[in-house]
Amino acid sequence: MPLDILVYMSEGAKITYDAHAIEARRQAAWRERDAARTPAVLDDQPHLYIKPSAPFTSGNVHMGHVRSYSIGDAYARFRRARGDRVLFAFGFDAFGLPAELGAIAGGVPPSEWVTRCAEHMTGQLQRLGFSFDWERAFMSSDPVMYRWSQWLFLSLLEAGLVYRGTGNVDWCDTCQTTLATIQVEDGLCWRCHNPVRLIERPTWYLRISAYTQENDQRLDELAAGGRWDEVALASQRFVLGRVDGVEADLSAGAGGPALTVFTPHADALELARFVLISPKHPEIDAWASDAGVRERLEELRSGGLERSSRDARSIALIDTGRSLPAPAGDGWLPVLISPAVDGRFGATAVLGIPEHDRTDEVIAERLPELLTASRGTAVVDASAGAGAVSPPRPAVRYKADDFSISRQRSWGTPIPIVYCETHGAVPVPKEQLPVLLPLDITPTGAGNPLAELSEFVHTTCPLCGGPAERETDTLDCHFDALWLWVPVAVPPESREETLEEILALGDLRHWLPSERVVAGSDSGNFVFDQRIVTKALRDLGPLAFLADGEPFAGCLFHEMVISDGRKMSKHLGNVVDPDALVERYGADTVRLAVLYAARPQKTLNWSDSAVLRAHRFLTQVWEFSQARIAAAEQLAAGEPGEGADAAPLTDTSEHLRLKLSQWCEKGAEKITEDLEGLEMHSAVRNVMRLFDRIKDFDKRVVARQGALSRADSDALLEALALLAQLLGPFAPHMAEELWLALGNDESGPQTPWPGVSLQAVA
RNA sequence: GCCCGGGUGGCGGAACGGUAGACGCAGUCGAUUUAAAAUCGAUGGCCUAGACGGCGACUGUGGGUUCGACUCCCACCCCGGGCACCA
C-alpha cells in the first residue's frame, strides 16, 4: 500500500467504506429532492417509460426481484443521467392463490395479508435504493385499480372477445372446493389428502385467436426496432406457436363428412396414414355422433382420461369409426380424436405422417390395436366409395389458444356479471363499477367463501330489477396483468377519476408505449396476452393512439437466479436471502454483484465470489478515491504529505496522462454502448477494467517520478469523477457520494452521464 | 415428448474464429495484528533448489468446415428450467 494512503488512514476512519452510512445518507437526500419523481409531461422533451415487472405480494423480496430491478434500475438511472425524462414505477400484483394460501396459513383476511407483504417488500426495495416513483405504486387489489379489470372484462365481452364456455377443474368432494394444480399432490387434496377428481364447469374465456395473426405479423417490426431482445422475441414466437404447412379439404363423398386437414410436411402428403382431430375442433360434434364415440369424448372432456399424460405413448386416442380419402388420392385414412393435436397445432385437424414425425410414429404403432378393437380390423376399408380431395394450399396454424380467465377463488377481481332468472347472464353496467369484493372474508381452504356470502351473492338484475345472483367466480390475476402496465402512466392525483376521464388524459399518449419492459423470462405468456389486448383496445378506441397495438417498444427477459445449480427453494436449503447480503455488504454491493455475475439473458448461478468481488471493488474505489482527493487537497495547499515531499521537479508523465484520458474516453464509450443494449454484465466489467487502468496510471507515475505532479493529480481526479459517473447506474449511492466529494453538486435526479449536464427536472 | 438455457481447473466463471482458463472464490506462503477477523502482497499442472529452463495435458462425446475451433456446422450424451387454475 502506498505510504500516503497509510498516512491518511492514520488520521481516522474517514476513508473507510461504510456502505450503510453512505446509503442512508444518499437515500435521505433522494427523498429530500424527490429524485425518482416522474417528471411533468412535456411532449417535446425526450422521455420514456421503463416497465419493471409487477411483483406478486409474496411476503419477501427474493434474489430474482433483486436481479430484475437491478437491471431495470440501472437502465432507468442511465437514461436519467443522459437527460431523458423517465417514468419508472410499478404496482403490486396482489390478487391470486398464494395470497389466499398465505391468509389461510396466517388466519387473517387476504387483504390484510397482502397489505403487510407490500409494506414489508416496499421497505426492502427502498433499502436497495431502486429509483421507483413510489407515489405511483399501487395494489391491484385496490377497488380503484380492479375496476379497470372489470371494465376491461365488460369491454371485451361486448366485443365478443370474452365468452363463456366450459372447462375442467380439479375438485375435492371433501372440502367442496376447486383446487389449483399446485394444490393437488399425487392426485390427493393438499388440505384433506382425499382423492381429487376432475369436473366440468362453466368458465369464462379470453378469445386471443382474434389477434394471433396480427401478433405474428408485428413480430418482424418489433425485431426491426432493435429494442426487443432475441430471447424475448423467441419466447413470443414460442407462445404463438406458428407452424407453416399446407391444408387440404378431404371429403368422404356426397353427403359424407368433410374436414380441412393440415400438415407441416407439405412434401409428404402421400405418406399420410391417419387423421388426428382435436377434441376442441369447432366441428368435432359431427365426428362424434356415434353414441360410443360421443361417450368417450365426454369422458375425455370431463377428465376421465388422464389429464396429465402428454406422452404420445399414452395420450388419449379415440377412433371415430370414420375415414377420409388420403390427400394424395391413394386409399383411406382413419379419423381419430386426440388432444395430441392441441399442444402442437392448436384446435385443428392434422394428417398423421409417421415417417416424418416422432409423435405420429408412436401413434401409428398404437393404431392397429386400436382399430382392431373399434372396427374389428386393422385395415381401413378402401371401398367406401369415391371421396373428394382438394389440391393442397399453403396454410398456417397457431398453437396459442384461448385461455380461461375465471377462478373459483374468493381473492380476486369479482366478475361483473349477474345471473337473472329471466335474462340469464347479464353484464353489470359500467357506471355501476366497481363490483366490490367483500374484505371480511377469512378463507379456510374449504368451500367457496364468496359464494357463501349471501349479501354478496343476492342482488337484482340490472335489466328487470328482479332477483339475481352474482357471478362468484373471480378473475384470474393473469387477467389483471393484461392492463397492469397502464396505471402507472396515470398521474396519482387522477387515479380516482372516472375511467373515461383517465383514458382521455394526455399522460397515456405521452408515456405509452413503454420503451422497455424488463421482466423475468417466465413472463412470455403475460407479454403475449398484453400485446393481444392492446390491439383489442386499439380497435375499441381507448388505445387508438397505439397504431400498431404494441404496448412495449422494447423488451428484455432476464433469466432466473439459481443456487448450487438448482432453483432456490426452502426444501433444498439453498435460498440466498437478499436482506442478509444487504445487511452485510450494503445495497450497492448486492446490486453490483447480481449485474456482474452474469449477463441478463443467462441463468445466474449464485456464488459468493461475485458479491465478494463486488464488495472489494467498491471498497477499493472508495478508499483509493478518498485518499487521492485528500492528497490533492494537500498538494493544493502546498503542504505535501510525508510520501509526497519529493514532489517531482520535472513533469515526465505527459504521455501517461494522455494514455489515461484515452482509456477513459474508450471506457466511457464502451460502457455507454453496453448500457444502451442493457448489457449490464459487460458494462460492469468495463467499469472495473477502467478502475484498474486508473490505478495503473497512478502506480506508473509514482514509479517513474516518485509522486504525482499537480497535472497528474488533476488528471487522476478527473478520471475518478468519470468513474463515479459511470458507476452511477450500478452503485448509485456510492457513485453520488464520490461525485459530491469530487466537488460536484446534487441538483439533478442523478449523477449526470459524461458529457451531459443535468438540471433539476421539474 | 416438446421449448429454452447450459456443460471450460477444487469452485463461480472469462474469452465467442487467432497465446484457453481473464477476473474472482477457496487453498498455500508472506505482511499487518497481542491474537483473531478484516485488509494487502505473492502463488496456482508436472519436473527442477529455482527461473524469462524442460515436459505434458486440457473447453461433455464423436464427426465435419478451417492455415487455425471453447467459439461455426452435423449427430449424440448429460445437467438445469419451463410446458396453460403458481405467478
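The figures here come from the full heavy-atom set of this structure, side chains too, leaving out hydrogens, waters and symmetry mates.
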- Note on the structure: Assert: residue with more 5' nearest nucleotide on RNA chain B, out of Phe403(A) and His615(A), is His615(A)
- Find which nucleotide of RNA chain B each of Phe56(A) and Trp606(A) is nearest to by heavy atoms, and output the residue with the more 5' nucleotide. Trp606(A)
Separation of [N] [atom2] from [X] [atom1] (nearest whole Å):
X         : N      : atom1 : atom2 : value
Leu595(A) : G12(B) : CG    : P     : 21 Å
Glu679(A) : C16(B) : CD    : P     : 13 Å
Arg599(A) : A14(B) : CZ    : P     : 10 Å
Leu101(A) : A87(B) : CG    : C1'   : 12 Å
Arg407(A) : A87(B) : CZ    : P     : 8 Å
Asp529(A) : A84(B) : CG    : P     : 14 Å
Phe95(A)  : C86(B) : CZ    : C1'   : 17 Å
Asp476(A) : A87(B) : CG    : P     : 6 Å

- Asn605(A) has its side chain closest, among C85(B), A87(B), G12(B), to G12(B)
- Message: If the condition is ring-ring contact (aromatic ring centres under 6.0 Å, His included), which residues does Trp606(A) pass it with, not counting sequence neighbours?
- Response: none
- Task: List in chain and number order the residues that pass ring-ring contact (aromatic ring centres under 6.0 Å, His included) with Trp113(A), two or more places apart in sequence or in another chain; answer none if no residue qualifies.
- Result: none
Tell me what [X] touches on the nucleic acid: a base, only sugar-phosphate, or nothing, going by heavy atoms under 4.0 Å.
X         : result
Ser58(A)  : nothing
Ser404(A) : base
Asp93(A)  : sugar-phosphate

Can you give me every donor-acceptor pair (side chain of residues 610-620 of chain A, partner residue at least two apart or in another chain, under 3.5 Å) with its distance?
residue	atom	partner	partner atom	Å
Thr619(A)	OG1	His615(A)	O	2.7
Gln620(A)	OE1	Lys695(A)	NZ	3.3

- Residues that Arg693(A) engages under side-chain contact (heavy atoms from CB on, under 4.5 Å), provided they are two or more places apart: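 side-chain contact (heavy atoms from CB on, under 4.5 Å) list for Arg693(A), sorted by chain: Trp663(A), Arg689(A).
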- Any residue meeting side-chain contact (heavy atoms from CB on, under 4.5 Å) with Pro578(A), in chain and number order, not counting sequence neighbours: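 Per chain and number, Pro578(A) pairs via side-chain contact (heavy atoms from CB on, under 4.5 Å) with Met63(A), Val66(A).
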Taking the [atom1] atom in each of [N] and [M], what is the distance between them to the nearest angstrom?
N      : M      : atom1 : answer
A49(B) : C16(B) : C1'   : 43 Å
U39(B) : A26(B) : P     : 9 Å
U61(B) : C78(B) : C1'   : 10 Å
G13(B) : U19(B) : P     : 23 Å
U32(B) : G21(B) : P     : 34 Å
G56(B) : U65(B) : P     : 28 Å
A69(B) : G17(B) : P     : 14 Å
G7(B)  : G12(B) : C1'   : 14 Å

- For Val561(A) and Val576(A), run side chain to side chain contact (heavy atoms under 4.5 Å, CB included): C-alpha distance rounded to whole Å, both residues' side-chain angles, the deciding distance at 0.1 Å, then the answer. CA-CA 9 Å; Val561(A) 182; Val576(A) 176; over 6 Å; no
- Message: Which label fits Phe90(A) and Tyr69(A): parallel for a plane angle under 30°, tilted from 30 to 60°, or perpendicular past 60°?
- Response: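 Parallel, since the angle between the ring planes stays under 30°.
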- Message: Between Glu100(A) and Arg407(A) (salt bridge meaning N to carboxylate O under 4.0 Å), is one present in this structure?
- Response: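 Between Arg407(A) and Glu100(A) there is no salt bridge, as every charged N stays at least 4.0 Å from the carboxylate O atoms.
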Protein-nucleotides 4-6 of chain B N/O pairs closer than 3.5 Å?
none

- Message: Evaluate Ser149(A) against Trp483(A) for side-chain hydrogen bond (donor to acceptor under 3.5 Å, both in side chains), listing each step before the verdict.
- Response: CA-CA 7 Å; Ser149(A) 291; Trp483(A) 59 273; 2.6 Å; yes
- Quick one: do Tyr163(A) and Asp402(A) satisfy side-chain hydrogen bond (donor to acceptor under 3.5 Å, both in side chains)? Show the steps, please. CA-CA 10 Å; Tyr163(A) 63 94; Asp402(A) 298 351; 2.7 Å; yes
- Message: Around atom CZ of Arg201(A), are there more than 12 heavy atoms from other residues, nucleotides or ligands closer than 6.0 Å?
- Response: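 Correct, the count exceeds 12.
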Expected rows: protein N/O vs nucleotides 69-75 of chain B N/O, under 3.5 Å:
none

- Message: Looking at U39(B), I'd like to know if its phosphate oxygens (OP1 or OP2) sit under 4.0 Å from a side-chain N or O belonging to Gln620(A).
- Response: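 No, no such contact exists.
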- Message: Is there a side-chain contact between Lys567(A) and the phosphate of G82(B), meaning an N or O under 4.0 Å from OP1 or OP2?
- Response: yes
- Message: For nucleotides 22-28 of chain B, give me one character per nucleotide, 5' to 3': B if any protein heavy atom sits under 4.0 Å from the base, S if the only such contacts are to the sugar-phosphate, - if neither.
- Response: BBBS---
[X]: side chain to side chain donor-acceptor pair (under 3.5 Å) partners, not counting sequence neighbours:
X         : answer
Thr413(A) : Asp480(A)
Thr348(A) : Arg397(A)
Gln236(A) : Arg531(A)

- Message: Syn or anti for G68(B), given that syn means the glycosidic angle lies within 90° of 0?
- Response: anti
- Is G63(B) in the syn or the anti form, by the rule that syn lies within 90° of 0? anti
- Note on the structure: When pairs are called at under 3.5 Å and a stem needs at least three consecutive Watson-Crick or G-U pairs, the stems of RNA chain B are B:1-7 with B:77-83, B:10-12 with B:23-25, B:27-31 with B:39-43, B:45-47 with B:53-55, B:60-64 with B:72-76
- Query: Aromatic ring centroids of Phe479(A) and Trp204(A) under 6.0 Å?
  - Reply: no
- Message: Please check: side-chain N/O of Tyr17(A) versus main-chain N/O of Met734(A), any donor-acceptor pairing under 3.5 Å?
- Response: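 Checked: no pair found.
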